[in-house]
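Please read all numbers here as calculations on a predicted model, not as lab measurements.
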Amino acid sequence: MRTGIPTYRLPREALDRDIERILSLGIETRLESRIDQARLEQLTHEFDAVLAATGLQRLSSIDLGLDLGSGQNRVMQGIEFLDLARRGEMDVSGEDVVVVGGGNTAIDAARSAFRLGAAKVRIIYRRTRNEMPAIAEEVEDAIDEGIEIDFLVS
């Protein structure tokens with residue numbers, strides 16, 4: 001949640017408070033641990049309940065064969081963009097940004113690009129607005145911020 005959800009949607013103080021509350025209930029966490037079927041079965045004998053939360057998914061390459069000559073990857077996955085933005089390693093100030101997709105990651109990426117000073121942010125989506133899986137209120141907020149959305153784009 002800390003990596004993929006922008007701070008404007010989930011302030012870090014609120015996240016820290018929620019995590020602290022959960023841990024105060026006696027929840028034990030084991031971070032950065034490999035887990036396989038045998039280990040999972042073993043844990044179910046040690047604890048009343050087990051939750052395996054795998055965290056940030058592995059990104060797939062999106063090599064479109066573009067050589068933009070800048071030495072920078074100008075096309076990237078939304079999760080990667082959000083992580084770089086969170087770490088302060090993304091600069092799109094003054095640039096035009098296009099986000100492809102209609103889910104929450106796409107909306108978060110577009111709104112984050114806007115907050116990073118992009119000159120223009122546009123979302124393109126292959127279906128209608130009613131078919132967007134993103135949270136409707138987040139879509140409205142993006143539009144209110146000036147982010148343009150083109151629907152039925154293939």
Colleague: Could you tell me which non-hydrogen atom of Gly102 sits nearest to which non-hydrogen atom of Pro133, and how far apart they are?
Modeller: O-CD, 3.3 Å
Colleague: Gln37 vs Leu40, test: side-chain contact (heavy atoms from CB on, under 4.5 Å). Steps then yes/no.
Modeller: CA-CA 5 Å; Gln37 186 173 352; Leu40 185 58; 5.7 Å; no
Colleague: Give a yes-or-no answer on whether the side chains of Glu46 and Gln42 include a donor-acceptor pair shorter than 3.5 Å.
Modeller: yes
Colleague: Under a 4.5 Å cut-off applied to non-hydrogen side-chain atoms, are Glu80 and Asp83 in contact?
Modeller: no
Colleague: Are Val50 and Arg39 packed together at the side-chain level, in the sense that at least one heavy-atom pair is separated by less than 4.5 angstrom?
Modeller: no
Colleague: So which heavy atom on Gly101 is nearest to which on Ile123, and how close?
Modeller: O-CG2, 3.2 Å
Colleague: Please check if atom CD in Glu140 has more than 12 non-hydrogen atoms from other residues, nucleotides or ligands closer than 6.0 Å.
Modeller: yes
Colleague: Could you tabulate the donor-acceptor pairs under 3.5 Å formed by side-chain atoms of residues 143-154, not counting sequence neighbours?
Modeller:
residue	atom	partner	partner atom	Å
Glu145	OE1	Arg111	NE	3.2
Glu145	OE1	Arg115	NH1	3.3
Glu145	OE2	Arg111	NE	3.3
Glu145	OE2	Arg111	NH2	2.8
Glu145	OE2	Arg115	NH1	3.2
Glu145	OE2	Arg115	NH2	2.8
Glu148	OE1	Arg122	NH1	3.1
Glu148	OE1	Arg122	NH2	2.6
Asp150	OD2	Arg122	NE	2.5

Colleague: Just so I know, are the side chains of Leu23 and Glu28 near enough to count as touching, which here means a heavy-atom distance under 4.5 Å?
Modeller: no
Colleague: Restricting to non-hydrogen atoms, name the atom on Ala113 and the atom on Val97 that form the minimum distance, rounded to 0.1 Å.
Modeller: CB-CG1, 4.0 Å
Colleague: Does the pair Asp91 and Leu116 meet the rule for a side-chain contact (heavy atoms from CB on, under 4.5 Å), with working shown?
Modeller: CA-CA 7 Å; Asp91 181 16; Leu116 290 170; over 6 Å; no
Colleague: So, taking the atom named CG in Leu10 and the one named CG in Leu15, what distance separates them when rounded to the nearest 0.5 Å?
Modeller: 5.0 Å
Colleague: Would Leu43 and Ile35 count as a side-chain contact (heavy atoms from CB on, under 4.5 Å) here? Give the steps.
Modeller: CA-CA 10 Å; Leu43 289 170; Ile35 190 165; 3.9 Å; yes
Colleague: Is Arg12 salt-bridged to Asp16, going by a charged N under 4.0 Å from an acidic O?
Modeller: no
Colleague: Looking only at atom types and distance, does a side-chain atom of Glu131 sit under 3.5 Å from a main-chain N or O of Thr128, one as donor and one as acceptor?
Modeller: yes
Colleague: Run the numbers on Glu138 and Arg9 for salt bridge (Lys or Arg N to Asp or Glu O under 4.0 Å), then give the verdict.
Modeller: CA-CA 9 Å; Glu138 296 286 331; Arg9 271 193 46 202; 3.7 Å; yes
Colleague: What do you reckon, is CD of Glu41 surrounded by more than 12 foreign heavy atoms closer than 6.0 Å?
Modeller: no
Colleague: Is the shortest heavy-atom distance from the side chain of Leu84 to the side chain of Arg87 under 4.5 Å?
Modeller: yes
Colleague: Quick one: list whatever passes side-chain contact (heavy atoms from CB on, under 4.5 Å) with Pro6, sequence neighbours left out.
Modeller: Tyr8, Leu82, Asp108, Ser112
Colleague: Stepwise, does the side-chain contact (heavy atoms from CB on, under 4.5 Å) test hold for Val92 with Phe81?
Modeller: CA-CA 11 Å; Val92 294; Phe81 178 86; 4.1 Å; yes
Colleague: Please name all residues satisfying salt bridge (charged side-chain N to carboxylate O under 4.0 Å, His left out) with Glu13, sequence neighbours left out, ordered by chain then number.
Modeller: none
Colleague: Hey, any chance Val100 and Val121 share a hydrophobic cluster, counting ILVMFWY side chains that come within less than 4.5 Å of each other, even indirectly?
Modeller: no
